[in-house]
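Some notes on the structure that comes next.
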Amino acid sequence: MTKPIERYNPRVEEPRWQKAWADARSFEVSNDDPRQRYYVLEMFPYPSGRIHMGHVRNYAMGDVLARYKRARGFNVLHPMGWDAFGLPAENAAKQTGSHPKTWTYANIDAMRTQFKTMGLSFDWSREFATCDVDYYQRQQKLFLDFLAAGLVTRKKSKVNWDPVDETVLANEQVIDGRGWRSGAIVEQRELTQWFFKISDYSEDLLAAIDGLEGWPDKVRTMQRNWIGKSEGLRLLFEMLPSAATAATSIEVFTTRPDTIFGASFIALSPDHPLATELAAADPALRDFIAEFHRHGTATETIEKAEKLGHFTGLFVKHPVKPGATLPVYVANFVLMDYGTGAIFGCPAHDQRDLDFARKYDLDVIPVVLPDDADPAAFAVGDEAYVGPGRIYHSEFLDELSVDDAKREIANYFGARQVGNRPQGVVETNYRLRDWGISRQRYWGCPIPVIHCDVHGAVPVPDADLPVKLPDDVTFDRPGNPLDHHPTWKHVACPICGEPARRETDTMDTFVDSSWYFARFTEPHAADPTVPAIANAWLPVDQYIGGVEHAILHLLYSRFFARAMRKTGHLGMDEPFKGMFTQGMVVHETYRDQSGDWVLPVDVALEGMGDSRRAKHATSGAPIEIGSIEKMSKSKKNVVDPDEIVRTYGADTARWFMLSDSPPERDVQWTEAGIEGAGRFQQRVWKLVHEAIEIEEMSASSETPAAEIEGIRKLIHRAAQAVGEGIEGLRFNSAVAQIYELSNGLAKFATTLEAAPTANGAAALSEGVAKLVQLIAPMMPHLAETCWVALGKPGMVADAAWPDVDPALLVDDTVAMAVQVNGKRRGEITVPKGSSNAVVEKEALSLDAVARMLDGKPPRKVIIVPDRIVNVVI
RNA sequence: GCGGGCGUGAUGGAAUGGUAGACAUACGGGACUUAAAAUCCCGAGGGGGUAUCCCCGUGCCGGUUCGAGUCCGGCCGCCCGCACCA
């Protein structure tokens, strides 16, 4: 090397290229571009004010794909916006006195700046926040259209009340009895709420999952389980007359009508109307129900073992055993909001029923015989038998399979009458409930409805949209500021003009994120979408986000697509063709001797393996190294992206995030890892300069053609493999391919420096130029700087993906492993496509093989052409 | 409890049923340096012979196969999701 190369300086180069891309509007996309479209979208963030490493990983992945697809000639839509409504803004208002709007937009500005330093290829001209009036006005329009189309309903319902956030939570937002955001124990309250009728689409949402081939199986399974379809029978039991109630029958839902001959009791939910009625005259039952409500859903995980019941004194007729009766209990394990809120218990074949029967000493009658069991000996102990088998002890169902018996008994009850109704009706039930969207909050999209004493809930006329949030609100007392506002809610009824009240509830923020992907296709349109344009872009080709949204957000968005289709805003049912859930960013945790968490930047590490020790970087106090966990502020195991960008540059951060782990798995952030990524950045830079200098050297000899071909094969194979890796979102293997190419080129450059050749320099130049293009999606700034250094025209961001010469992907000769009895003993190199006879002869003549054969002929020789030889002796 | 996934060197991880450990990180040795950093070269699954040879090896046990990290069955362990849904 004749002169030292200056180090690549990302602090200078990165801002320079970010400006160049912005000036050239490189990533702004036109809806009129005739090229094939590709829509890549990462889940938009909540504007907390600072980006974190999880964002860096998420958006780096999407950016690689977007830049790659651009290089492949697609018209790529890659937008960015803000999921900007929600409670933190109100909490900040309470704590700091700043207005939610001010706080939110300031956060957005800060995060936008941070995103820009990452060099992400977003079309910023399409940016919006869900709290923009422009956006939520259109969301109100969608609400009204859904309402008109019968997709919205208002009903009184028991709701999950979060006492800390003072708001209602959807079932899905309650995790282990606690609010998903506040962590407070959730209480039950009864309120009138607005609902989207997502359950109308239960079957459709379930069936369509089969077609979502670009989704992870895991997510598809989670959605199926969430929708929770089960097929069963609604069955009427006639009651023995009782003075306690006028009711004459109890309706149950069961998926196991085949076990009816094994029934030994009826159980009602504590919330069942009949239970409520009976409790009025039965203090003990009243206490039982009250006790149940005290526990509610909150402690269900703890008390799951204990099945408790209260006998009502009522009996029903056994529907298939004339003269027999079954006792009616109220039981704590029966849910009111699933099926009919009542069940029949068959203890032999349901674990819960068995636990209950053992406790209250009820009959356990087995009626399903496992296939190889002895009917005389088979008995149920502490474990119910829920598997397949033959029905027995069941008269006309005997000998049938479980499935056949279900059909038979359904027909039997279908043909009988109780009162004026069939005794049994086949019914499909879903776990999926309607989506309650009412929130008693200020910082959300106002529900555009006016309540009139005469006309009830009246939609706000389209012409009166938007219903804007008032700016002059205060947060000095609990509850909803919209409700407290002196004037905002007082309006005239749109029908009669008499004084009326605005709906003061706002929408669940999941509504905001259920259609933003559609809005991005034409973000400034007067209507929510321009269907022709939205339909051209959607579905999103590749959606990328965290697995924590695998159920709710994706299910709601799928519902929205259907609802928007029904109301003419969209033309497809499924919004996301490809879905990818990336893993988290994790880091070791550190604690000092008083048990307080310590930031990684304050920790000094030494040693390795079991002898690793940590101490405080400044005080030297000992630090305990804890488990590796998701980065979180509470455990302080966080690394600040700004800091990383300042120290190493955005490219290095992106590269490390992509290189270290498969994208769907968690990636462990390590100092060593980021440093290694930084070194690679410098190696590329150095290699580019070596290639330039070698080109300028005078060549006295020629590199042998075979060697040149070897290099060119390396180059073209890497290009091929990197492309395939990115297409398959296997970024880590694409990175490995780039490393191999770079190592190979560096080695070649070293030999050329000693003995320069013209043809060698040309091959090296080709390789380095292609290398720069291959790294461009991942380290775009470095690639641009190298591109200029190599004297290439324009920007690499606009360059086409390198062509691959298919001829260079195949070899004339092939190395075949030679095994003896399945164990590798050597290798032969033969022309590709060699006949088995040639291969066998070569293989058998290997020393190692000949030695093991010891003069005897092989028993068998298996040859997989061009792959492997196995000699069996 | 039910459902899904995963178990490979010190570490992250590669391997259409066909040469296990690519690539990276960490580590060790060497070169350069007054020294260090950086950089470059070399080594490396374990064990034995110490040369170029042999044995063992992808959580454990068994099976299918000429051949199993990969497929099948049964265990063990970890992770994720759902959780009284009749």
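Below, read A as the first sequence line, B as the second, and so on, with proteins coming before strands; counting in each chain starts at 1. Keep in mind it's a predicted model, so treat the numbers as computed, not measured.
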Could you run down the sub-3.5 Å N/O contacts of the protein with nucleotides 68-70 of chain B?
none

Contact class for A:Arg256 vs. all strands (heavy atom < 4.0 Å): base, sugar-phosphate, or nothing?
sugar-phosphate
Does A:His349 have any side chain to side chain donor-acceptor pair (under 3.5 Å) partners at least two apart in sequence or in another chain, and if so, which?
none
Comparing A:Asn821 with A:Met336, nearest RNA chain B nucleotide closer to 5' gives the residue A:Asn821
Quickly work out the A:Lys406 NZ to B:A86 C1' distance and round it to whole Å.
11 Å
Can you tell me how far apart CD (A:Glu664) and CE (A:Met61) are? Round to the nearest 0.5 Å.
8.5 Å
What nucleotide, of B:A86, B:C23, B:C66, holds the atom closest to the side chain of A:Thr254?
B:A86
Contacts of A:Glu548 meeting salt bridge (charged side-chain N to carboxylate O under 4.0 Å, His left out) (sequence neighbours excluded), chain-then-number -> none
Look at the aromatic rings of A:Phe265 and A:Tyr329 and report parallel, tilted or perpendicular, splitting at 30° and 60°.
perpendicular
Who passes side chain to side chain contact (heavy atoms under 4.5 Å, CB included) against A:Met53, sequence neighbours left out?
A:Val56, A:Val585, A:Met631, A:Val639, A:Pro641, A:Ile644, A:Met657, A:Trp669
Between A:Tyr739 and B:A22, is there a contact of a side-chain N or O with OP1 or OP2 at under 4.0 Å?
no
Let's test this: given Watson-Crick or G-U wobble pairing with both distances under 3.5 Å, identify the partner of B:A10.
B:U25
Review item, nucleotides 52-56 of chain B N/O atoms under 3.5 Å of protein N/O:
{"from": "B:C55", "atom 1": "OP1", "to": "A:Arg825", "atom 2": "NH2", "distance (Å)": "3.4"}
{"from": "B:C55", "atom 1": "OP2", "to": "A:Arg825", "atom 2": "NH1", "distance (Å)": "3.2"}
{"from": "B:C56", "atom 1": "OP2", "to": "A:Lys823", "atom 2": "NZ", "distance (Å)": "3.2"}

Whole-Å distance, A:Glu724 CD to B:A22 P, equals 21 Å
Residues forming a side chain to side chain contact (heavy atoms under 4.5 Å, CB included) with A:Asp271, sequence neighbours excluded:
A:Lys158, A:Ser269, A:Phe292, A:His293, A:Met336
Name the nucleic acid region contacted by A:Asp217, choosing base, sugar-phosphate or nothing; use a 4.0 angstrom heavy-atom cut-off, strictly under.
nothing
Separation of atom OH in A:Tyr430 from atom P in B:A86, rounded to whole Å
13 Å
Separation of B:U11 C1' from A:Asp666 CG (nearest whole Å)
16 Å
If the cut-off is 4.0 Å, is A:Ser230 near the phosphate of B:A86, judged by side-chain N/O to OP1 or OP2?
yes
In terms of heavy-atom contacts, A:Ile391 and A:Ala405 come closest through CG1-CB, 3.6 Å
Partner set under salt bridge (charged side-chain N to carboxylate O under 4.0 Å, His left out) for A:Asp258, not counting sequence neighbours
A:Arg256
Classify the angle between the aromatic ring planes of A:Phe253 and A:Tyr338 as parallel (below 30°), tilted (30 to 60°) or perpendicular (above 60°).
perpendicular
A:Ser659 vs A:Gln737, nearer the 5' end of RNA chain B by closest nucleotide
A:Ser659
Does B:U39 pair with anything, Watson-Crick or G-U wobble, both distances under 3.5 Å, and if so, with which nucleotide?
B:A31
A:Asp660, nearest nucleotide to its side chain (from B:A26, B:G67, B:G12):
B:G12
Using whole Å, what does the distance between atom C1' of nucleotide B:A86 and atom CZ of A:Phe253 come to?
8 Å
Set of side chain to side chain contact (heavy atoms under 4.5 Å, CB included) partners for A:Asp217, sequence neighbours left out:
A:Arg220
I'd like a table of donor-acceptor pairs (distance under 3.5 Å, sequence neighbours excluded) in which one partner is a side-chain atom from residues 736-752 of chain A, with atom names and distances.
{"from": "A:Tyr739", "atom 1": "OH", "to": "A:Trp655", "atom 2": "NE1", "distance (Å)": "3.2"}
{"from": "A:Asn743", "atom 1": "ND2", "to": "A:Tyr739", "atom 2": "O", "distance (Å)": "3.4"}
{"from": "A:Thr750", "atom 1": "OG1", "to": "A:Ala746", "atom 2": "O", "distance (Å)": "2.9"}
{"from": "A:Thr751", "atom 1": "OG1", "to": "A:Phe748", "atom 2": "O", "distance (Å)": "2.7"}

Check: B:C80 base within 3.5 Å donor-acceptor of A:Lys218 side chain:
no
Expected string for nucleotides 39-49 of chain B under the B/S/- scheme (protein heavy atoms, under 4.0 Å, primed atoms plus P, OP1, OP2 as sugar-phosphate) is SS---------
Parallel, tilted or perpendicular, as decided by the 30° and 60° cut-offs, for the rings of A:His553 and A:His549:
perpendicular
Tell me the interatomic distance from A:Asn225, atom CG, to B:C82, atom C1', rounded to whole angstroms.
7 Å
With sequence neighbours excluded, tell me which residues meet side chain to side chain contact (heavy atoms under 4.5 Å, CB included) with A:Ala848.
A:Arg825, A:Arg851
Measure the distance from CD on A:Gln223 to P on B:G3 and round it to the nearest whole Å.
20 Å
List, with names and distances, any nitrogen or oxygen atoms from the protein found under 3.5 Å away from nitrogen or oxygen atoms belonging to nucleotides 14-17 of chain B.
{"from": "B:U16", "atom 1": "O4", "to": "A:Arg867", "atom 2": "NE", "distance (Å)": "2.7"}
{"from": "B:U16", "atom 1": "O4", "to": "A:Arg867", "atom 2": "NH1", "distance (Å)": "2.6"}
{"from": "B:U16", "atom 1": "O4", "to": "A:Arg867", "atom 2": "NH2", "distance (Å)": "3.0"}

Where does B:G9 land, syn or anti, once you apply the within-90°-of-0 test for syn?
syn
Can you measure A:Gln668 atom CD to B:G12 atom C1' for me and round it to whole angstrom units?
8 Å
Considering just the side-chain nitrogens and oxygens of A:Arg224, establish if one lies under 4.0 Å of OP1 or OP2 belonging to B:G3.
no
